[in-house]
Amino acid sequence: MGNLNIISRKLTHLDVLESEAIHIMREVAAECGNPALLFSGGKDSIVLLRLAEKAFRPAKFPFPLLHIDTEHNFPEVIDFRDRRASELGERLIVRSMEDSIRQNRVILKHPGQSRNAFQSVTLLDAIAEFGFDACIGGARRDEEKARAKERIFSFRDEFGQWDPKNQRPELWDLYNARVHPGENIRVFPISNWTEMDIWQYIARERLEIPGIYFAHRRQVIRRGDSLLPVSHLVWPRENEQVEELSVRFRTVGDMTCTCPVESDASTLEDIIIETATTRITERGATRMDDQTSEASMELRKKEGYF
Amino acid sequence: MKNIELLRFITAGSVDDGKSTLIGRLLHDSKSIFEDQLCAIEKTTKRRGLEGVDLSLLTDGLQAEREQGITIDVAYRYFATPKRKFIIADTPGHEQYTRNMVTGASTANLAIILIDARRGVLTQTRRHAYLASLVGIPHLVVAVNKMDLVGYSQEVFESIVKQFEEFASGLNLRNIIPIPISALAGDNVVERGSSMPWYGGETLLEVLENIEIDHDINMEDFRFPVQWVCRPQTEEWHDFRGYMGRIESGSIRIGDAVTVLPSGRTSRVRAISTFDGNLVEAVAPQSVTLLLEDEIDISRGDMIVKSENRPDLSKEFEAMLCWLSEDRLDVRRRYLIKHATKTARIIIDRIACRVNVNTLEQESGGEALSMNDIARVGFKVQHALAIDSYAKNRATGSFIVIDEATNNTVAAGMMI
């Protein structure tokens, strides 16, 4: 009779995904000499922080948080980033693309140009500066077709490059994190999560997220199929009208290329319903930089992008 | 919020069998394709001078693959229905098939093997079925595709199923589910259609949604490989010493008598701690922190098990090894094994025999293994490992081999 209530409840898909991610984080901590966790203040990396709490509390995280700041970020997100790091009592390292620009390591064609692609330079510089051998990131395989083919432990050579043809086989949950000096591993604990899983998890864990993920009034410009948020970096071209609409962001990134969608979703429950019924992919709706060519993400990754 | 389960599956077959069309059909008919994706493949279909929407383009590859005419081994795809969330490991059918299928299959609950109804059971079908059995996939769907091209004939379907079952009786396949489908027309994939009224079984999606997966994990033998020892050493927690890991199989309760391997020291479970509070019991595959009643020396790589149910502890073992690397096995090189959370040096003692995956015949061992070879191999390990047979326990019977010089993963093994 003693065995009757051994399985007291069924594990759900979120329980299984969560446990997989915790397992991955602990493997990184154990196998890598000097890892960092990439934290931007965006929803995926907010989930990563909760998973790190689940993996390592009551101790501190065995790695610092690292943010590569394009300085094209939404101010609400940066405020949130700093507040969350200090609430957790964890060390946050910020490296700014402005430094890379000042050192002529990044040369922009014009000041308003999207900076997403250039994050790689600043990231690789930060990796070299601190000697990180692993960076934990919040990328998901459902985001994009280059991501769909990437390993959870993704090996990068000494130039920071991803070679899609030459990836290490990854079987069962046996991860190979071994690198030579100068090489590193990018680790994606939430590879198997979808946008819907992320929202369900944020709701389940009652995680705080920056306000721009919820519906709010904002001045926007219609350009092509996208809505561009008006800011000091984005203003109307000739013949373009500024409209004020109720919008929310599905992703947050560089203000010059991250577009909101029209929405009245003001609670997490609303967002989950909207996510369940939307007919447009997350990046398709919101990222101008991924629409440039069919292979944009693949090319950026080969150059050292997350 | 609704709680749904997670099912991982692999699709085995080549483009010619209609594999891409089948995945496209599953995603499309379960409404998992977004308008912008549909738009993009419509454009591509048109650009290639075809009409309509070619669903196989949904699984189209990367620029690097198109340019070089290669296919990267595994792509992962996701979809969900109100009942379950699904992860598809989509592996290309032709070259390096063994390596790709073993990789994709290693985490799968279920495999779909595609057979072209016009061609029946082929060498490739036998190979797929053998690999599914080698990797111990619990459920196997035999999808006889292109039924539209054989007039939806019940006889054709039944004769293929009979052929398959005869051959598969020699393999270790627990649960075989044959389904007649047309991925192109959609019959029996998501919608039943009206062309095969003689088929009374479930559609493919119904199988994926309903198949029982609770027993896919070993729930008998408690195995807890220690990943990380948590010692906060803060004022508040200065006595805290927790062993962190994931329960790979079985379950554990407070008060259970445990043994730590390889040391053999014993204690009892004092607490099962998580970020969300303490538990009375925990089950695979939960990640937890175990606290023991006694202070004993435990570190990463050790395994905590129930004292009444211990695995073998051994420095020698035999395994089925699948060689994955382009560099051949060289017995003079140094190799490492990663087994659960333990990494140790190994020596490859002897290659007992090799399996020809096309004929399933055993051949004599020889000295070397090259990519895609499968062989029964004897190993000697530097430190004793807590060993279960793979047939009994997928999590603690599996391992990878790493080349110490290149750091590459060169082989995958299943303990016998």
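Hydrogens, waters and symmetry mates play no part in the numbers below; they use all other heavy atoms, side chains included. In what follows, chains carry the letters A, B, and so on, assigned in the order in which the sequence lines appear, proteins first and then strands, with residues in each chain numbered from 1.
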Asks: Among all residues two or more places apart in sequence or in another chain, which pass the side chain to side chain donor-acceptor pair (under 3.5 Å) test with Asp239(B)?
Replies: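 Testing Asp239(B) for side chain to side chain donor-acceptor pair (under 3.5 Å), a comparison that skips the adjacent residues, returns none.
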Asks: Out of Gln227(B), Arg300(B), Arg8(B), return the one with the most heavy atom pairs under 4.5 angstrom to chain A.
Replies: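 Looking at each option in turn, the highest pair count goes to Gln227(B).
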Asks: Could you tell me if the side chain of Asp403(B) sits less than 4.5 Å from the side chain of Tyr335(B), heavy atoms only?
Replies: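 Side chain of Tyr335(B) against side chain of Asp403(B), heavy atoms only: contact under 4.5 Å found.
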Asks: Please classify the contact of Val288(B) with chain A as side chain, backbone, both or neither, using a heavy-atom distance under 4.5 Å.
Replies: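 When you check distances to chain A, only backbone atoms of Val288(B) fall under 4.5 Å.
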Asks: For Ile247(B), is it the side chain, the backbone, both, or neither that has a heavy atom closer than 4.5 Å to a heavy atom of chain A?
Replies: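 Interface part for Ile247(B): neither.
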Asks: Is chain B contacted by the side chain of Glu53(A), its backbone, both, or neither, given a heavy-atom distance below 4.5 Å?
Replies: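 Both backbone and side chain.
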Asks: Are the side chain of Trp237(B) and the backbone of Arg241(B) linked by a donor-acceptor contact shorter than 3.5 Å?
Replies: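 No, because the side chain of Trp237(B) does not come within donor-acceptor range (under 3.5 Å) of the backbone of Arg241(B).
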Asks: Do His13(A) and Gln200(A) touch side chain to side chain, with heavy atoms closer than 4.5 Å?
Replies: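 Yes; the side chains approach each other to less than 4.5 Å.
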Asks: So for Ala405(B), is it side chain, backbone, both, or neither that comes closer than 4.5 Å to the heavy atoms of chain A?
Replies: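 For Ala405(B), the contact with chain A is made by the backbone alone.
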Asks: What part of Glu236(B) lies closer than 4.5 angstrom to a heavy atom of chain A: side chain, backbone, both or neither?
Replies: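 Answer is neither: Glu236(B) stays 4.5 Å or more from chain A.
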Asks: Which bit of Ser398(B) comes within less than 4.5 Å of chain A, counting heavy atoms only: side chain, backbone, both or neither?
Replies: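 Contact with chain A is through both the backbone and side chain of Ser398(B).
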Asks: Using a cut-off of under 4.5 Å for heavy-atom pairs, which of Ala80(B), Gly242(B), Ser106(B) has the most such pairs with chain A?
Replies: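 Ranked by contacts with chain A, first place is Ser106(B).
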Asks: For the pair Tyr175(A) and Phe153(A), name the ring-plane relationship: parallel under 30°, tilted 30 to 60°, perpendicular over 60°.
Replies: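 If you compare the ring of Tyr175(A) with that of Phe153(A), the planes turn out parallel.
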Asks: Let me know if Lys85(B) has heavy atoms under 4.5 Å from chain A in its side chain, its backbone, both or neither.
Replies: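 Lys85(B) touches chain A through side-chain heavy atoms alone.
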Asks: Is Asp197(A) close to Asp142(A) at the side-chain level, that is, under 4.5 Å between some pair of heavy atoms?
Replies: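 No, too far: nothing below the 4.5 Å cut-off.
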Asks: Within the side chain of Ser325(B), is there an N or O that forms a donor-acceptor pair under 3.5 Å with the backbone of Asp327(B)?
Replies: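 Yes, because the side chain of Ser325(B) sits within donor-acceptor range (under 3.5 Å) of the backbone of Asp327(B).
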Asks: Of the listed residues (Thr274(B), Asp276(B), Thr234(B)), which shares the most heavy-atom pairs with chain A below a 4.5 Å separation?
Replies: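 Of the options given, most contacts go to Asp276(B).
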Asks: More than 12 foreign heavy atoms under 6.0 Å from CD of Glu220(B): is that the case here?
Replies: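 Count not over threshold, so no.
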Asks: Highest number of heavy-atom pairs under 4.5 Å with chain A: which of Val410(B), Leu6(B), Thr289(B)?
Replies: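 Of Val410(B), Leu6(B), Thr289(B), Leu6(B) has the most heavy-atom pairs under 4.5 Å with chain A.
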Asks: Can you say whether Ala284(B) sits under 4.5 Å from chain A via the side chain, the backbone, both, or neither, judging by heavy atoms?
Replies: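 The backbone, not the side chain.
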Asks: Within the 4.5 Å heavy-atom criterion, are Ile136(A) and Phe61(A) side-chain neighbours or not?
Replies: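 The answer is no, as the side chains (C-beta and beyond) never meet within the 4.5 Å cut-off.
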Asks: Does any heavy atom of chain A fall under 4.5 Å from the side chain of Ser273(B), the backbone, both, or neither of them?
Replies: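 Contact with chain A: none, neither part.
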Asks: Please tell me if the side chains of Ile87(B) and Tyr76(B) come closer than 4.5 Å, counting only heavy atoms from C-beta onward.
Replies: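 Yes. Closest side-chain heavy atoms under 4.5 Å.
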Asks: With a 4.5 Å cut-off on heavy-atom pairs, point out which of His339(B), Arg231(B), Met244(B) contacts chain A the most.
Replies: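 Maximum pair count with chain A is reached by Met244(B).
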Asks: Non-hydrogen atoms of chain A under 4.5 Å away: do they reach the side chain of Ala105(B), the backbone, both or neither?
Replies: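 Neither part.
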Asks: Which atoms of Thr409(B) come close to chain A, meaning under 4.5 Å heavy atom to heavy atom: side chain ones, backbone ones, both, or neither?
Replies: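 Both parts, backbone and side chain.
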Asks: Give, as side chain, backbone, both or neither, the part of Phe155(A) having an atom under 4.5 angstrom from any heavy atom of chain B.
Replies: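 Phe155(A) has no heavy atom closer than 4.5 Å to chain B.
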Asks: When you measure from the side chain of Ser19(A) to the backbone N and O of Pro285(B), does any donor-acceptor pair fall under 3.5 Å?
Replies: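 Checking the backbone N and O of Pro285(B) against the side chain of Ser19(A), a donor-acceptor pair under 3.5 Å is found.
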Asks: Please flag which part of Arg84(B) lies under 4.5 Å from any non-hydrogen atom of chain A: side chain, backbone, both or neither.
Replies: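 Arg84(B) has no heavy atom closer than 4.5 Å to chain A.
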Asks: By side chain to side chain donor-acceptor pair (under 3.5 Å), which residues pair with Asp256(B), not counting sequence neighbours?
Replies: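 Testing Asp256(B) for side chain to side chain donor-acceptor pair (under 3.5 Å), a comparison that skips the adjacent residues, returns none.
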Asks: Looking at Arg57(A), Lys60(A), Glu31(A), which makes the most heavy-atom pairs under 4.5 Å with chain B?
Replies: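 Greatest number of close heavy-atom pairs with chain B: Glu31(A).
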Asks: Can you tell which of Pro58(A), Pro62(A), Ala29(A), Ser191(A) has the highest number of heavy-atom pairs within less than 4.5 Å of chain B?
Replies: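 If we count pairs closer than 4.5 Å to chain B, Pro58(A) comes out on top.
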